[in-house]
Structures are given as C-alpha cells and as structure tokens.
Amino acid sequence: MTPLLEIRDLHAEIAGGRKIINGMNLTINPGEVHAIMGPNGAGKSTLSYVLSGKPGYEITGGEVIFRGVNLQELSPDERAAQGLFLCFQYPLEIPGVSNMAFLHTAANSQRKKRGEPELTSPELVRKVRELGKQLGIDTDMLKRPVNVGFSGGEKKRNETLQMMLLEPYLSILDEADSGLDIDALKVVSNGVNAMRSPERSMLVITHYQRLLDYIVPDVVHVFAAGRIVHTGGKELALELEATGYAQYQNEAA
Amino acid sequence: MAADVRLMKTAAELALADAFAAVKSTLPGDAAVAAQRTAAFETFASVGLPHRRVESWRYTDLRALLREAPPLASAAGPEALARSLAACPMLAGMEARRIYVVNGAFVSDISDLANLEPGVSISSLATALGAADPLVAHLGQTVASSDAALALNTAFMGDGVVIALAEGATLSRPLHLVFVTTEATATAAYTRSLLVMGKGASAQVIESHEGPAGAAYQVNTALEVVVGEGASLERVKITAEGNDALHISTLLARVADGAKLANANFTLGGAIIRNQLLVQLAGEGIDASLSGVSLLAGKQHSDTLLAVEHIAPNCQSREQFRTVVDDTARDIFQGRISVRQSAQKTDARMMSRALLLSDTAESDNKPELEIFADDVQCGHGCTTGSLDQQLKFYMMSRGIPEKEAEALLIQAFVGEVIDAIGHEGVRAALTDATRNWLIERK
C-alpha cells in the first residue's frame, strides 16, 4: 500500500532558530487514524503547523511526502487542495467575512486548483445546511462572520463543518477537544467519525486520553522532545493516562 | 528673515492673482457677489497657498505641490458631452436623476431636469447668481471657514448645482451629480454647489468626480448644505479623478434640530486628493454619520480633514474612516470633534483605521477631541497596521490562495463602512468597485 503521509527524519524550527522537531519519522496509511500524545511543549502543535505550511515554521532537514508530493514545495492553499486539513486548536475570528462566503470561496478555490467543476451557490448552500444540521449549526451562524462571537464549542463545530465540506484525505485535529463540553465533544467526534473511510486518514493530536474514547485510533504515538519515542495500539492511550509521560520524556532525553 | 519669505509669492500664487484679475469681471453674480469674490481672494492672497506650517494642511503642502495655475476649463464640445453621459460606469445600472457638470459648467441639455418632485428645484449656480436668486444668499453662510482653498473656490466659483427642497419635499430617486473633466490638457475648474433642505425634507445625493488619465487638471469643488429641522440627507461622494489630477473638495454642512445627516466619501482616483468636511451640528437631537473609504496605490496622496462641531445638546455623531494604502501611496486623516459647552449629552465616536499593504505605504492619523461640556460621551481611536498574517494563514489553510485571502480581508476591512450606506445600489456599486480595485492590484 502507498502511504498517505510519510514523514522521514524531519527536523524543523521556528523562525529565529528554536529547533522543535528533531528527527521525526511517521507513516500513515490510507484509512488509518493515528493519535499523537505527549506532554505540553513537546512540539505537537508545531508539527501541525509544519505540516500545513504556516509561515515562520521551517523544515531544516528530512522530508514530508503527502500523496506522493513533497509538501515543502507547496503553499498552504496548495496543501489544502491536495487534501490536507488542519483543524485549529483555537479557530480564528474573521470579522466582515460571512461564514457562507468563506466556505464557498474555500471549497471552490480547492476545486478550481484540482481542475474540478466549481459548486454553484445553491449547491453549496444546500450542502452546508445539511452538514450544519448534523453538527447543530443553525443558519444564523452561517450568515454571521466566521467564528465572530462564537463560543468555544461553536467554533469547533464550525471547524468540523469546514472539514466535512472540504473532504480532506488527511485531517490533522490539533487538540480538537480543548474547550468542549461533553455534548459538543460528542457532536464533533460524530462528525469526525462520519468522515472515516478506507481512503481518508486522521492525525489526532491530544494530551488527554478522553478524546480517544470518542475517536478511536488505530495507532498511538508518544511524542516527546520533537520526535516519536514510542508507538503502540489504542490501549497505549489508557496506559499513558495511568502512568503519565515522565518515563518517555526520560527516554527522549 | 521669515517675514520676508512669507511675502514671496510662488509662481502659482502670482498666476492665480493674474487669473483672478483677468476673469473676475466675467464671473457670474451681482455686485454683492463680486465683493464676496474679491474679499475671498484677498483672504487667499494674505495667506497664500497652504503649506506645512498651516496645521490643517500640515501633511499636504499645497504650496509645494501646486506649481502652476492652469487656465480655467472651457466648455465641452458635443463629442465631449456625449462621452460625459457614460461617466461613472460603476453606477450605470442605478436608477437616479443625473445632473451633469462638465469642465466646471452645469450642462442642462444633458441633465435630467424633467418632472421634478413637488417642492424641488434644481438650477445652475451661474444662472442663480446671474438672476440674484435668493438661495445664493446661503453661499458662504453655512459654516464659517477661513480655509485658503475654500477662499479660492469662492473667488473663482463659476458654476455648480443649486438644489432646494421645500418643507416636506422628498426625492423619489437619488440625485446623482456627475462632475466630469473632459479635456486632456491641464485646466482648472472651480465649482460650488448648494443644497438647501427645508423642514422634514429627505434626499439621497451622490456626487461623482472623474476625468482623463494623464492630464494634470485641477478641480476645486465645494458643496454647502443646509439640512433643515427633521430633514434627512444621505450623501455619497465618489472621487475617481484621473491619475495626474489634483482634487480639492470642501463640504460645509449646517444641520438643524432632529435632522439626520449621513455622509460617506469613497476615494480611489486622483494624484492628490484633499477632502475637507466641515460640519456644524447646530440643533438638538441630530444623528450624524461621517464616514470614508480610500483605496490608494501608486504615488497617490489623499488627505481628509474632518471637523465636526457639536453646538447643541443631545446630538450623536459617528465618524468612521477606513483606508487601504499600497505601493508608495500616502493617506492622511485629521479629524477633530469639538463639543461646545452648550452641547451637553453629546455622544460622539470617531475611529480611523489604515491598512498598509506595502512597506513603503504611509498613513498619518491625527484624531482630536476638543470638549468644553462636562456631561458627554466622546471617544476616538485610530489604528495603522498590515494584514493579519494569522488570519491569512487560516484562510490559506482552507485552500484560499494568498491574493484572494488578502482581497477578502481587505473587503471586510472597508466593508464595515460601505455596508452602512443606506442606498442598496450604491452599496453594491462600491463593493464592486473595491473588488475591481483589488483585482487591478495584482
């Protein structure tokens, strides 16, 4: 099987020279859900930014191959069109840009880049409303500016809506549960689980095991000091909950 | 010595003096108007062209910028008039009564003057001055100002539009005053217009200004407005002059009890653009909104001077200005809200924000509050910054290309002002114009 994502001996730093990712290797095959767990400051969010191409995060060694393409050569929007999606830990507010217009522009920009026919307004509106219904997002929220005045839970639902509309091959969920109550967590997880398919994969970044009760991973990695130090099955998450990360942090050092 | 330097006249000042001497006897109006012109020119001559030491012109040194005083524009020929009909394409689809002022002259032949609404009159300033129309008594009486550029306008005012709405009169469709310069050579046009609204009258007025690219023409235009008790005026001014043009505009507005004034400036064309907004809230319970959007690129220089005076109690004013500056363009905003001691319970808020799209773009922002009353709510704020990189990344991570993400953010930035415009057609036209500006930017 051709891997969906292959990270080979990746080194990356934040502009200014602080090295965060330090010789990381990871292979994700189509259809797999991988969880990355690790203590605060291990570089988990940095990994998500490096993968999605955030300015200021620089790859200094190794490579990332996504669907056969070296990601380093692509801008963030090209990566998105290639099928990469980052579900933000703290989604941003965009005053003055309506949610619907934003979704429309995003969906059609990707389609255009891939040479696919663009969605008409009615098609898009219908699709978005259907997804909104599943996620408990009402039409009023769709008319409002992106995330402006949304609660933490509403913002995460909105991220999930974007993901479901854009149908990425690889979704990176960065602390998808932060700021969510149990009900919102269920709604978001249901949305994510509905996306699971033999060709779609997920990379779930979290430091609590709780989320993995809802989004059950195939593989669990322990991430410390900028690389993966231990890999196991879904039961590893439960072990970590009991023992903590200390033993792996020593291992990394 | 400094005193001697001030007496030195620049070539442009000397040329203006010669021009005034040559044309003053041919300009319209009776002896009283002629005296008004002479007094205005003397005011101008005593101070000369505004320069950096004149605080209100501090960032626009007209003495240095205005090197020549070109001849007054002459009447447009039939071909130029025909072309003028196609002016302001951004509003082409909008239902409006269009009045044309071409090369500084009111052109009744191509203006829509039929079936005026009851209580509404529209005429040319030259005609009104020639006929000693009682309306012209308002000229120079709305808001007192000793501004030198306005004084030049008063001295040279050749024509313009005089509009009167009687008590309760309402315009059934917007009035579009189309100001066009057609000559490709350097000319000067001084237009003065007057809008007098009676009690409870209501109007939407759009003013557009444009001219040919590559011509160093000069426009000095002024509008005096009297908004009567309980009257309502929405005015939108679109400045889309040619790329070498100098455009100076002055709005003088006096507003009475319970009236509503909403004025929006939309600036995108011209080499040097100066918009002066002098507004007096002379009655109680007025609701005033002064706003503006400027989209500047290349070497454009745009300067907005705003002076809102709260004279009577219980008035509200909102001042909202947004500017987008690219390349080596420069934007200046000087805004002052004055609250007299008599204007208790004033509620005034001014916000001016500039978005710089290049490292060489410049914005100068000078908000001022001058408050003599003790029971008021007044605030001002200003920001200057670049596009939010975090937001841009967020949008790009959803597949939106960089330029498009920038365009969406810029549109949202100016949209705050444009979306507040009452007339839907104008709102849509300005939104489209912004989008076109952004497309051309690439």
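Reminder, nothing fancy here: chain letters follow the sequence lines and each chain counts from 1. What you see is a predicted model, and the numbers here were worked out from it, not measured in a lab.
- With a 4.5 angstrom heavy-atom cutoff, A:L166 touches chain B only via side-chain atoms.
- With values rounded to the nearest 0.5 angstrom, B:E404 atom CD is found 4.5 Å from A:S109 atom OG.
- Heavy atoms from other residues, nucleotides or ligands lying under 6.0 Å from CG of A:D140 number more than 12.
- Of all heavy-atom pairs between A:T105 and B:L408, the closest is CG2-CD1, 4.1 Å.
- Residues A:G53 and B:F393 approach most closely at C-CE1, 3.8 Å, considering heavy atoms.
- Within 6.0 Å of atom CZ in B:R173, more than 12 heavy atoms from other residues, nucleotides or ligands are found, so the atom counts as buried in its surroundings.
- Between B:Q390 and A:L92, the shortest heavy-atom contact is CB-CD2, 3.5 Å.
- For A:Q162, the part sitting under 4.5 Å from any heavy atom of chain B is the side chain, from C-beta outward, and nothing else.
- Of all heavy-atom pairs spanning B:Y394 and A:I94, the tightest one is CD2-CD1, 3.9 Å.
- For A:E78, no part lies under 4.5 angstrom from a heavy atom of chain B.
- By the 6.0 Å contact criterion, CD on A:E199 is enclosed, its count of non-hydrogen atoms from other residues, nucleotides or ligands being greater than 12.
- Side chain of B:R398 to main chain of A:L86: a donor-acceptor pair is present (N/O by atom type, distance under 3.5 Å, no hydrogens or angles).
- No more than 12 heavy atoms of other residues, nucleotides or ligands sit less than 6.0 Å from atom NZ of B:K260.
- Only the side chain of A:K113 comes within less than 4.5 Å of a heavy atom of chain B; its backbone N, CA, C and O stay farther away.
- In terms of heavy-atom pairs under 4.5 angstrom with chain B, the leader among A:A101, A:P145, A:G96 is A:G96.
- The shortest heavy-atom contact between B:M395 and A:F102 is CG-CE1, 3.7 Å.
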